[in-house]
Asker: 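To start, I am sharing the structure in question, which I have written as structure tokens.
Heavy atoms only: backbone and side chains are in, while hydrogens, waters and symmetry mates are out. Every chain is numbered from 1, with letters handed out A, B, ... down the list of sequences.
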Amino acid sequence: MVRKQYKKGKVVGVNGNMVSVRYETTVIQNEVAYVLTGNCRLKGEVIRVRGEEADLQIFEDTRDIKIGDGVEFSGELLSLQLGPGLLTKVFDGLQNPLPKLAEQAGFFLQRGLYLDPLDREQQWAFTPQVQVGAVVSAGDAVGTVPEGLFQHRIMVPFAWPGTWQVVWIAPTSYLTVDNVVARLSNGREERQMTMVQSWPVKIPIDAYRKKHLPVDPLVTQIRVIDTFFPVAKGGTFCVPGPFGAGKTVLQHSLSRYSEVDVVIMAACGERAGEVVEVLTEFPELEDPRTGRSLMDRTIIICNTSSMPVAARETSIYTSVTLAEYYRQMGLHVLLLADSTSRWAQALREMSGRLEEIPGEEAFPAYLETRIAGFYERAGLVELNDASFGSITIGGAVSPAGGNFEEPVTQGTLKVVGGFLGLSRDRANARRYPAINPLDSWSKYHPVVPSQKVRRARTVLQQGNDINQMMKVVGEEGTPVEDFTLFLKSEFLDSVYLQQNSFDAIDAACSAERQNYLFEKVLGVIEGQFDLASHGEARSFFQNLRQLFIDWHYTPWDSGEFRAAESRIDELLAAKRRS
Amino acid sequence: MKKFYHHIVQISGNVITVLAPNVPYYSLAEVVSDQGTSLAQVIRLDGDRVSLQVFAGSRGIATDSRVRFLGHPMRVSASANLLGRVFNGSGEPRDAGPPLSDNQIEIGGPSVNPSRRIVPRNMIRTGLPMIDLFNTLVESQKLPIFSSAGEPYNDLLARIAMQAEVDLILVGGMGLKYDDYLFFHQTLEKHGALSRSILFIHTASDPVVECLLVPDMALAVAEHFAVNENKRVLVLLTDMTNFCDAMKEIAITMEQIPSNRGYPGDLYSQLASRYEKAVDFEGAGSITVLAVTTMPGDDVTHPVPDNTGYITEGQFYLKQGRIEPFGSLSRLKQQVNDATRSDHRALMDTMIRLYADFREAQEKRAMGFRVSEWDTKLLKYGDLFEARMMDLSVNIPLEKALDLGWTTLAECFEPAETGIKSDLIAQYWPKAQ
Ligand SMILES: Nc1ncnc2c1ncn2[C@@H]1O[C@H](COP(=O)(O)OP(=O)(O)OP(=O)(O)O)[C@@H](O)[C@H]1O
Ligand SMILES: [Mg+2]
């Protein structure tokens, strides 16, 4: 390859990770530039231009940079390399493969070391899908290569405008990502395409026919979500909650058990240890839908809290761009971002250094637009070949002080379709997942009939009201009828809303099982029982809860399952009012 | 770079600005004034204007004081010679020993590549049921003690440190009362642990900038011993709230826009870059970080405990001389408590849930309601729980604590009232005599 021609500049100021540069010719907003210091080449991005100076945010520690150090401007926006071989990988926010960095640099990250995200040597079995003479446009597949579970579509680069005619197409053969797979002509020029294309992270990929309204449920196998606060394929939801309330555990459950094709996990400014758990466990876990390792459908973007802050800001865009790429192949992608608040904080840190006029809690005024822009990249789309692909985005939010009245939570609530609010009280009482059943909401359709869900929610609401009342009048001042209703809502909570994420069986509850279980639970909370006293009512529901919990730990439709169910039925029959 | 620069054009807070060419960002300088010599660090470059944060503060610095640039960032000596020694935040001896300069390493180095981390796997036993049973401490964990001002947090910190099986103890004291410094020193000495300890101490009367350096100094030395000498290192940091307040003070004098109650917007990232140094290295040693975070106004939503809680792997909540069951959390407990004993997890969850119910019953009683039969059971249970599990004077191994848990449940409840899986009940529920 010919060495690139860079535009030049010189460092004139350093403040934290912001470097001011006097440039020589021209600069482009958001273009990538490198500061040359000592024997390092530190990557950065232009974030502001004023007069003859451009301000760069550097994706690395800026120590040792001097006034007068050279700068190279690349002329390209910050972009990803898109091609086969991205699945199963672990990248940092700038798409550097972390395990390969470790091979070169050992235990610690080394600044200025950037590696190719794709394996350039690997041979892929290319199968053409179009013939010479075919007319194609951006996003159309000219061929496929098998990548793990999928036929990875080799697509006309998303940035190529207009229609193109296939002049030459590679035959069925083993090729590397850099081999030419097709030559296309638009009548004026002829271009070669390989398996790799590059795409700027901050611009949504729009090579599809149109967006549709998300309707089909995305089954997560988490009861409280699928039944009460469902998620749709192509929808968006957020999970705000104070520290320790269970956002990460919930996201990990979602990444394991959700019925989707591809999962992208963005570990954005959170603990490195949490990513390591996923990295260690996923390769060993089997995805029951495919019989393959869970890692085969997963990409991890890992820019944890002690990694450079500017790259944290980028990591969110990196994740969603990868999601869009796989969506273009007609796949259903789930993107989980933990935590979007850390991304917002990265914006705030940079805004502070730019000395912009701050908004609420010193977040920049454009915070809400940025949040909206991110979630807008979700959706269900109809592709050029009439197949469908989707991106579902679930973002954790970490509000300061656990108070949802803060800019990031509020900005997020305006744009998402589902709100799964975690509550400190429920977490303290170990009622996991600690999703608050009274405040949370979703605009999507549940996996059980929604009219039945409304009935169950009424019981929860009534139970809560009675509980409040009991705090005033005491248990003895509450009629047995009311007290029983309260116990029913507690029962519903403990055997349906609560779910043990760490039990191999209870952790995942299929849509079928949810329907079956929900019917049974509804039978209890709407049933009439002979319960003469408060004490009798309490002990009846305690016993019932015990039997249901045992039932949860039995495999679906097994002998144990039926045995446990018949014990429940016996107890119910004994007390049911005739 | 032996040249001196004299042209100081601005002095504000602890920051001075001097005109000088060719200075590396983040490097050190010596500032010599009538008050003596102090180290300073480059925190901003703007053309030839170099802003420096002066470790000893700017008091007494004159516009023509001498500044000499050292050309490298802050370093600390890391070798076996440090064992048993006490230093200040700038790395100068606080004790009678000689200054050290062998094996100088940079502080605040790069973070560990996440793909080289391993899942923590070793429990650290403390003999406290509230920790071992309910909030198990794990090697390489980062975990603060959340505490209000008057609580015995340093005693708890020292007690855990003395009981823990580690090779090396690093104490980082920030804004420490002199008495507390003496307490740590004496405790280490009394237990014969001083020879495997290194102390970096900033006391309340020392310059504020030095406070900021303490965690980085301690953690850099810890990293050296963990990576190069395969040591299991325990780092004690007390009190991280003083560290945050030092950061706040400096941010305000530098006219940064505060985000929340005066704290700078990067408080989270600053804390994270320290706490994330806790790690277990494959094929080498480990770093465990136990910190103290005092909560101003006993308010857990205050920015310091709040940001800390979002970073660390749980917290011990110290209240009225006890570790509170609510709010206390070890997020790594599930990495180890499946291998301790088969009843550990279920017992832990159940006992806490029942204790929560006890609190409600207690409230009811306080409000003068008649207590039901169930409440009576809960009230009995709660008292036993507090005496047997929460009292800090209890010192028993985990297995004993688990047995005691079952005994307590059996003294108060019927098996079905606990909601524990039936097979565990069959195995562990004490048989009636
Ligand atoms: N579903 C669950 N079942 C059992 N325990 C849980 C569950 N969810 C959370 N926990 C417990 O709570 C701890 C904290 O959960 P988690 O790490 O998910 O919190 P978080 O909301 O992500 O906190 P932070 O904002 O600080 O990252 C876990 O380590 C675990 O002990
Ligand atoms: Mg989390």
Asker: Is it the side chain or the backbone of A:E60 that comes within 4.5 Å of chain B heavy atoms, both, or neither?
Answerer: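 Contact with chain B is absent: no heavy atom of A:E60 under 4.5 Å.
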
Asker: Quick check on A:E356 against chain B: is it the side chain, the backbone, both or neither that has a heavy atom closer than 4.5 Å?
Answerer: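 It is the backbone, since no side chain atom gets that close.
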
Asker: For A:R424, is it the side chain, the backbone, both, or neither that has a heavy atom closer than 4.5 Å to a heavy atom of chain B?
Answerer: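 Neither part.
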
Asker: Hey, which of A:D61, A:L101, A:D69, A:N15 has the most heavy atom pairs under 4.5 Å with chain B?
Answerer: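 With the most close heavy-atom pairs to chain B, the winner is A:N15.
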
Asker: Quick one: which of B:H72, B:E223, B:E363, B:K142 has the most heavy-atom pairs under 4.5 Å with chain A, could you say?
Answerer: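 Of the candidates given, the most pairs with chain A belong to B:E223.
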
Asker: Name the option with the most non-hydrogen atom pairs under 4.5 Å to chain B; the candidates are A:R430, A:R538, A:M18, A:M307.
Answerer: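 The option with the most such pairs is A:R538.
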
Asker: What part of A:M470 gets within 4.5 angstrom of chain B, counting heavy atoms only: side chain, backbone, both, or neither?
Answerer: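 Contact with chain B is through the backbone of A:M470 alone.
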
Asker: Need one label for B:V279: side chain, backbone, both or neither, based on atoms under 4.5 Å from any heavy atom in chain A.
Answerer: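 Neither part, no heavy atoms under 4.5 Å.
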
Asker: Any idea which of A:S339, A:G13, A:A272 has the most non-hydrogen atom pairs under 4.5 angstrom with chain B?
Answerer: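 Greatest number of close heavy-atom pairs with chain B: A:A272.
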
Asker: Does CZ belonging to A:F548 count more than 12 external heavy atoms closer than 6.0 Å?
Answerer: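 Above 12, so yes.
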
Asker: For B:P120, which atoms come within 4.5 Å of any heavy atom of chain A: side chain, backbone, both, or neither?
Answerer: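 Neither part.
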
Asker: Counting only heavy atoms not in B:E373 (residues, nucleotides, ligands), do more than 12 fall under 6.0 Å from its CD?
Answerer: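 No, because the 6.0 Å sphere around CD of B:E373 holds 12 heavy atoms or fewer from other groups.
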
Asker: With a 4.5 angstrom heavy-atom cut-off, which part of B:D375 approaches chain A: side chain, backbone, both or neither?
Answerer: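 Contact with chain A: side chain only.
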
Asker: How far does NZ of A:K471 sit from CD of B:E360, to the nearest 0.5 angstrom?
Answerer: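 With rounding to 0.5 Å, NZ (A:K471) is 6.0 Å from CD (B:E360).
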
Asker: Report which part of A:V11 has an atom under 4.5 Å of a heavy atom belonging to chain B: side chain, backbone, both, or neither.
Answerer: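 For A:V11, neither part sits under 4.5 Å from chain B.
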
Asker: If I compare all heavy atoms of B:F369 with all of A:V472, which pair ends up nearest, and what's the gap?
Answerer: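 For B:F369 and A:V472, the tightest heavy-atom pair comes out as CZ-O, 2.6 Å.
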
Asker: Does any heavy atom of chain B fall under 4.5 Å from the side chain of A:V276, the backbone, both, or neither of them?
Answerer: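 The answer is both parts of A:V276.
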
Asker: Using a 4.5 angstrom heavy-atom cutoff, name the option from B:P258, B:S273, B:G265, B:S27 with the most pairs to chain A.
Answerer: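 Max contact count across the listed options: B:G265.
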
Asker: Heavy-atom distance under 4.5 Å to chain A: side chain of B:E106, backbone, both or neither?
Answerer: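 Contact with chain A is through the side chain of B:E106 alone.
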
Asker: Given a strict heavy-atom distance threshold of 4.5 Å, which part of A:P399 is in contact with chain B: side chain, backbone, both, or neither?
Answerer: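 Looking at A:P399, backbone and side chain both touch chain B.
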
Asker: CD of A:E277 to CD of B:Q335: how many Å apart, nearest 0.5 Å?
Answerer: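 The CD atom of A:E277 sits 4.0 Å away from the CD atom of B:Q335.
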
Asker: Using a cut-off of under 4.5 Å for heavy-atom pairs, which of A:G352, A:G477, A:S398 has the most such pairs with chain B?
Answerer: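 Of A:G352, A:G477, A:S398, A:S398 has the most heavy-atom pairs under 4.5 Å with chain B.
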
Asker: Nearest 0.5 angstrom please: B:D338 CG to A:F502 CZ, how far?
Answerer: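 Here the interatomic distance stands at 10.5 Å.
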
Asker: So for A:Y553, is it side chain, backbone, both, or neither that comes closer than 4.5 Å to the heavy atoms of chain B?
Answerer: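 A:Y553 touches chain B through side-chain heavy atoms alone.
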
Asker: Most heavy-atom pairs under 4.5 angstrom with chain B, which of A:A400, A:C302, A:S20?
Answerer: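 Among the listed options, the one with the most contacts to chain B is A:A400.
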
Asker: Please look at A:N428 and chain B and tell me whether the side chain, the backbone, both or neither of the residue comes under 4.5 angstrom of a heavy atom of that chain.
Answerer: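 Both backbone and side chain.
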
Asker: Measure B:S140 against the heavy atoms of chain A and call it side chain, backbone, both or neither at under 4.5 Å.
Answerer: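 For B:S140, neither part sits under 4.5 Å from chain A.
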
Asker: Which one wins on heavy-atom pair count under 4.5 Å against chain B: A:S539, A:G16, A:S341, A:A267?
Answerer: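 Highest number of heavy-atom pairs under 4.5 Å: A:G16.
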
Asker: Measure distances from A:K10 to the heavy atoms of chain B and classify the residue's part below 4.5 Å as side chain, backbone, both or neither.
Answerer: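 It is neither, since no heavy atom gets under 4.5 Å.
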
Asker: Examine whether an atom of B:R274 lies under 4.5 Å from a heavy atom of chain A, and if so say whether it belongs to the side chain, the backbone or both; otherwise answer neither.
Answerer: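 Answer is neither: B:R274 stays 4.5 Å or more from chain A.
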
Asker: Under 4.5 Å from any heavy atom of chain A, what part of B:E414 do you find: side chain, backbone, both or neither?
Answerer: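 Contact with chain A is absent: no heavy atom of B:E414 under 4.5 Å.
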
Asker: Can you say whether A:D503 sits under 4.5 Å from chain B via the side chain, the backbone, both, or neither, judging by heavy atoms?
Answerer: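 Contact with chain B: side chain only.
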
Asker: Mind ranking B:D306, B:N113, B:L329 by heavy-atom pairs under 4.5 Å with chain A and telling me who comes out on top?
Answerer: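 So the answer, after comparing B:D306, B:N113, B:L329, is B:N113.
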
Asker: Take A:E475 and B:R370, measure what salt bridge (charged side-chain N to carboxylate O under 4.0 Å, His left out) needs, and give me the verdict at the end.
Answerer: CA-CA 8 Å; A:E475 201 175 296; B:R370 201 182 66 212; over 6 Å; no

Asker: Is B:S422 close to chain A through its backbone or its side chain, or both, or neither, when contacts mean heavy atoms under 4.5 Å?
Answerer: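 Looking at B:S422, backbone and side chain both touch chain A.
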
Asker: Atom OG in A:S305, atom CD in B:Q270: separation rounded to 0.5 Å?
Answerer: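 Separation between the atoms: 12.0 Å.
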
Asker: Within 45 degrees of the axis of the six-membered ring of A:F107 and under 6.0 Å from its centre: does B:R116 put its NZ or CZ there?
Answerer: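 Verdict for A:F107: a cation-pi partner in B:R116.
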
Asker: Closest heavy-atom contact between B:T301 and A:G401?
Answerer: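 Smallest interatomic distance, heavy atoms only, reads CG2-O, 3.5 Å.
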
Asker: Please classify the contact of B:P305 with chain A as side chain, backbone, both or neither, using a heavy-atom distance under 4.5 Å.
Answerer: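 Contact with chain A: backbone only.
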
Asker: How long is the span from the CG atom in A:D425 to the CZ atom in B:F326, to the nearest 0.5 Å?
Answerer: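 So the gap between those two atoms works out to 10.0 Å.
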
Asker: Non-hydrogen atoms of chain B under 4.5 Å away: do they reach the side chain of A:P99, the backbone, both or neither?
Answerer: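 Looking at A:P99, backbone and side chain both touch chain B.
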
Asker: So how far is it from B:K421 NZ to A:D550 CG, rounded to the nearest 0.5 Å?
Answerer: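 Interatomic distance, B:K421 NZ to A:D550 CG, rounded to 0.5 Å: 8.5 Å.
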
Asker: Check each atom of B:S328 against the heavy atoms of chain A and say whether the ones under 4.5 Å are side chain, backbone, both or neither.
Answerer: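 Just the backbone, heavy atoms under 4.5 Å.
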
Asker: Is it true that the side chains of A:Q546 and B:E417 contain a donor and an acceptor less than 3.5 Å apart?
Answerer: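 Side chains of A:Q546 and B:E417: no pair found under 3.5 Å.
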
Asker: Can you tell me which portion of A:R353 sits under 4.5 Å from chain B's heavy atoms? Options are side chain, backbone, both or neither.
Answerer: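 Contact with chain B involves the side chain of A:R353 alone.
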
Asker: Checking side-chain hydrogen bond (donor to acceptor under 3.5 Å, both in side chains) against B:S269, which of A:R342, A:Q345, A:E349 comes through?
Answerer: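 Single pass found, and it is A:E349.
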
Asker: Name the region of A:R271, side chain, backbone, both or neither, that has any atom closer than 4.5 Å to a heavy atom of chain B.
Answerer: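 When you check distances to chain B, atoms from both the backbone and side chain of A:R271 fall under 4.5 Å.
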
